[in-house]
*Asks:* 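Sending over a structure as structure tokens; questions will come in a sec.
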Amino acid sequence: MDEFLQGLPKAELHLHIEGTLEPELMFELASRNGVTVPFATVDEVRAAYEFTDLQSFLDIYYAACSVLVTEQDFYDLTAAYLDRAMDQGVRHAEIFFDPQTHTDRGIPFPTVVSGITRALDDHRDRVSSLLIMCFLRHLSAESAMATLAASLPFRERIAAVGLDSGERGNSPVKFAAVFDRARSEGYRVVAHAGEEGPADYVIQALDLLGAERIDHGVRALDDDRLVARLARERIPLTMCPLSNVKLRVFDRLEDHNLAEFLRRDVVVTVNSDDPAYFGGYVGDNYVAVRAALDLSRDEMIRLARNSFQAAFLDDAARRSYLGELDAYVAAHG
């Protein structure tokens, strides 16, 4: 079953490219760019990945990004993720990036986008992809609006905008005007909500930002009317089970509420979030969640099917990937 799940064709819809920075590449880029990191060995880095909440992770995450300096660095980071993802059954990836993490330390916006998209192009014959630009919610709405303006010359390479970083004290309403502008420019919209924040943040993301998908959304279960709405309107949740345990949203994977959402007919998907930090890529999440929640083979196939249904694909590409999924399932009896 584990081998079947790793190879199961799937889309990954919740993946922060900066969160795929493995310690080995971190040291390589630090050496290349003359950047000092506060760790001596790979083992020391991994030992630091014991988090108490989202913010304790973000502190290390943003510090590690200091090694990303040149276009080639962003290329190497993205190419390494795509190679790993393909080994875990990913046929289509919708990749988040956080430009403010880089522009605020003097890295030009074009450097970031050009490195990432060059890697996406070089892998396009093996895995399709699109790029989602996220605004950092702990920064100001004015900073987000300036980032949106900086993105417009690259509009053809960026399919959607999102909202990420620490939820506490940073409700979606803060960014309503930014997302109004983004939608007017033709961007599609997703948003992190209901990871540490309340169910109301999910409602705000839908009603004030115009989100078409909710990233995480585990707290939506606190509001039965909201769960019914998610199911009725087919609004997908891009859940990240191993991340939620690593960041203490749930104490144990066995406590995760993914299965309840699935059985209440919500369009749930499984993703890896920041896999270099959270102990597994997307196939690893499939394997872990099946065992912990006692999900059936059919339910796991449904999760993979949901991933293509929830993706920002055109109808022809969606049908092609769903056909590939059906053929894989039939071939594995």
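Nothing fancy with the numbering, it's 1 onward along the sequence.
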*Asks:* Counting C-beta onward and ignoring hydrogens, is there a side-chain heavy-atom pair between Phe278 and Asn285 closer than 4.5 Å?
*Replies:* no
*Asks:* Answer yes or no: is there a donor N or O on one side and an acceptor on the other, between the side chain of Gln100 and the main chain of Thr147, under 3.5 Å?
*Replies:* no
*Asks:* Any side-chain heavy atom of Val37 sitting closer than 4.5 Å to one from Val45?
*Replies:* no
*Asks:* Going only through I, L, V, M, F, W and Y residues with side-chain contacts under 4.5 Å, is there a path from Leu247 to Tyr49?
*Replies:* yes
*Asks:* Side-chain contact, heavy-atom cut-off 4.5 Å: Leu15 with Pro275?
*Replies:* yes
*Asks:* Would you call the rings of His192 and His216 parallel, tilted or perpendicular, taking 30° and 60° as the class edges?
*Replies:* perpendicular
*Asks:* Between Arg305 and Asp298, is the closest basic N to carboxylate O distance under 4.0 Å?
*Replies:* no
*Asks:* May I have the step-by-step check of ring pair (Phe, Tyr, Trp, His ring centres under 6.0 Å) for Phe39 and Phe27, ending in yes or no?
*Replies:* CA-CA 9 Å; Phe39 306 103; Phe27 281 111; 7.5 Å; no
*Asks:* Using 30° and 60° as the class boundaries, would you call the ring planes of His16 and Phe96 parallel, tilted or perpendicular?
*Replies:* tilted
*Asks:* If only atom types and distance count, is the side chain of Thr117 paired as donor or acceptor with the main-chain N or O of Val113 below 3.5 Å?
*Replies:* yes
*Asks:* When you measure from the side chain of Arg234 to the backbone N and O of Ala310, does any donor-acceptor pair fall under 3.5 Å?
*Replies:* no
*Asks:* Of the non-hydrogen atoms in Pro38 and Glu44, which two are nearest, and what is the gap between them?
*Replies:* O-OE2, 3.8 Å
*Asks:* Do Tyr277 and Ser243 have side-chain N/O donor and acceptor atoms under 3.5 Å apart?
*Replies:* no
*Asks:* For Leu148 and Tyr187, what are the C-alpha separation, side-chain angles and deciding distance, and is it a side chain to side chain contact (heavy atoms under 4.5 Å, CB included)?
*Replies:* CA-CA 10 Å; Leu148 176 61; Tyr187 286 112; 3.6 Å; yes
*Asks:* So does Arg225 have more than 12 non-hydrogen atoms from other groups sitting under 6.0 Å from CZ?
*Replies:* no
*Asks:* So, the side chain of Thr269 versus the backbone of Leu237: is there a donor-acceptor pair under 3.5 Å, distance only?
*Replies:* yes
*Asks:* Salt bridge between Arg229 and Asp224, side-chain N to carboxylate O under 4.0 Å?
*Replies:* no
*Asks:* Is any NZ, NE, NH1 or NH2 atom of the basic residue among Glu94 and Arg213 found under 4.0 Å from an Asp or Glu carboxylate oxygen of the other?
*Replies:* yes
*Asks:* Counting N and O atoms only, with roles assigned by atom type, does the side chain of Asn170 sit under 3.5 Å from a partner on the main chain of Gly166, one being a donor and the other an acceptor?
*Replies:* yes
*Asks:* Got a salt bridge between Lys246 and Asp273, using NZ or NE/NH1/NH2 to carboxylate O under 4.0 Å?
*Replies:* no
*Asks:* Return yes if some donor-acceptor pair links the side-chain N/O of Thr103 with the main-chain N/O of Pro99 below 3.5 Å, else return no.
*Replies:* yes
*Asks:* Just by distance, do the side chain of Arg188 and the backbone of Ala159 share a donor-acceptor pair under 3.5 Å?
*Replies:* no
*Asks:* Quick one: do Met26 and Leu29 satisfy side chain to side chain contact (heavy atoms under 4.5 Å, CB included)? Show the steps, please.
*Replies:* CA-CA 5 Å; Met26 182 195 304; Leu29 298 183; over 6 Å; no
*Asks:* Report yes or no: do Asp122 and Tyr75 form a side-chain donor-acceptor pair below 3.5 Å?
*Replies:* yes
*Asks:* In plain terms, say whether Glu71 and Arg118 are close enough for a salt bridge, that is, a side-chain N and a carboxylate O under 4.0 Å apart.
*Replies:* yes
*Asks:* Would a 4.5 Å heavy-atom cut-off, applied to side chains only, mark His256 and Val289 as touching?
*Replies:* no
*Asks:* Between Arg219 and Asp200, is there a side-chain N and carboxylate O pair less than 4.0 Å apart?
*Replies:* no
*Asks:* Check whether any side-chain N or O of Ser320 sits under 3.5 Å from a backbone N or O of Ala317 as a donor-acceptor pair, and report yes or no.
*Replies:* no
*Asks:* Are side-chain heavy atoms of His332 and Arg297 found at a separation under 4.5 Å?
*Replies:* yes
*Asks:* Please name the pair of heavy atoms, one in Lys10 and one in Leu5, separated by the smallest distance, quoted to 0.1 Å.
*Replies:* NZ-O, 3.0 Å
*Asks:* Give a yes or no answer on whether the side chain of Thr20 reaches the backbone of Ile17 with a donor-acceptor pair at less than 3.5 Å.
*Replies:* yes
*Asks:* What is the minimum heavy-atom distance between Gly283 and Gln6, and which atoms define it?
*Replies:* CA-OE1, 3.3 Å
*Asks:* Is the closest side-chain heavy-atom distance between Leu226 and Ile203 below 4.5 Å?
*Replies:* yes
*Asks:* Look at the side-chain heavy atoms of Ile, Leu, Val, Met, Phe, Trp and Tyr, link any pair under 4.5 Å apart, and say whether Tyr61 and Met133 land in one connected group.
*Replies:* yes
*Asks:* With His14 as reference, evaluate Asn271, Thr238, Asp274 under the side chain to side chain donor-acceptor pair (under 3.5 Å) test and give the passing residue.
*Replies:* Thr238
*Asks:* Have Glu12 and Tyr81 got a donor and an acceptor in their side chains that come within less than 3.5 Å?
*Replies:* yes
*Asks:* Are any non-hydrogen side-chain atoms of Phe57 and Thr52 less than 4.5 angstrom apart?
*Replies:* no
*Asks:* Looking at Pro172 and Leu209, what are the two nearest heavy atoms and their distance?
*Replies:* O-CD2, 3.4 Å
*Asks:* Between Asn257 and Val218, what is the shortest heavy-atom contact and its length?
*Replies:* ND2-O, 3.0 Å
*Asks:* Of the non-hydrogen atoms in Ser165 and Leu54, which two are nearest, and what is the gap between them?
*Replies:* O-CD2, 3.9 Å
*Asks:* Mind checking whether Phe312 and Val90 sit in one hydrophobic cluster, side chains of I, L, V, M, F, W, Y counted as touching below 4.5 Å?
*Replies:* no
*Asks:* Are Leu242 and Val245 packed together at the side-chain level, in the sense that at least one heavy-atom pair is separated by less than 4.5 angstrom?
*Replies:* no
*Asks:* Would you say the side-chain atoms of Tyr321 and Ser128 include a donor-acceptor pair closer than 3.5 Å?
*Replies:* yes
*Asks:* If you apply the rule side chain to side chain contact (heavy atoms under 4.5 Å, CB included), what do you find for Ile116 with Val112, and how did you get there?
*Replies:* CA-CA 6 Å; Ile116 295 172; Val112 181; 3.9 Å; yes
*Asks:* Taking the six-membered ring for Trp, are Phe179 and Phe135 ring centroids under 6.0 Å apart?
*Replies:* yes
*Asks:* Using 30° and 60° as the class limits, which term best fits the ring planes of His102 and Phe74: parallel, tilted or perpendicular?
*Replies:* perpendicular
*Asks:* Using only atom types and a distance under 3.5 Å, with no angle test, would you say the side chain of Ser31 pairs donor to acceptor with the backbone of Glu28?
*Replies:* no
*Asks:* Let me see the working for Arg105 and Leu68 under side chain to side chain contact (heavy atoms under 4.5 Å, CB included), right down to the final yes or no.
*Replies:* CA-CA 10 Å; Arg105 55 190 177 86; Leu68 296 164; 3.7 Å; yes
*Asks:* Taking the inter-plane angle between the rings of Phe97 and Phe109 on a 0 to 90° scale, is it parallel (under 30°), tilted (30 to 60°) or perpendicular (over 60°)?
*Replies:* perpendicular
*Asks:* Looking at Arg302 and Asp265, is any side-chain nitrogen of the basic one under 4.0 Å from a carboxylate oxygen of the acidic one?
*Replies:* yes
*Asks:* Salt-bridged, Arg319 to Asp314, with N to O below 4.0 Å?
*Replies:* no
*Asks:* Charged N to carboxylate O under 4.0 angstrom, Asp255 versus Arg252?
*Replies:* yes
*Asks:* Go through it in stages, so that I can follow the logic: the residues are Asp284 and Arg84, the test is salt bridge (charged side-chain N to carboxylate O under 4.0 Å, His left out), and I'd like the CA-CA distance, side-chain angles, deciding distance and then a yes or no.
*Replies:* CA-CA 11 Å; Asp284 305 317; Arg84 290 190 181 92; over 6 Å; no
*Asks:* List the steps and the verdict of salt bridge (charged side-chain N to carboxylate O under 4.0 Å, His left out) for Arg91 and Glu324.
*Replies:* CA-CA 10 Å; Arg91 300 294 185 268; Glu324 183 180 348; 2.5 Å; yes
*Asks:* Is the shortest side-chain N to carboxylate O distance from Glu299 to Arg263 below 4.0 Å?
*Replies:* yes
*Asks:* Would you mind checking if Arg137 and Asp164 are paired as a salt bridge, meaning a charged N to carboxylate O distance below 4.0 Å?
*Replies:* no
*Asks:* Whether Glu24 and Arg46 form a salt bridge (side-chain N of Lys/Arg under 4.0 Å from carboxylate O of Asp/Glu) is what I want to check.
*Replies:* yes
*Asks:* Under 4.5 Å between side-chain heavy atoms, counting indirect links through other Ile/Leu/Val/Met/Phe/Trp/Tyr residues: same cluster for Ile235 and Tyr201 or not?
*Replies:* no
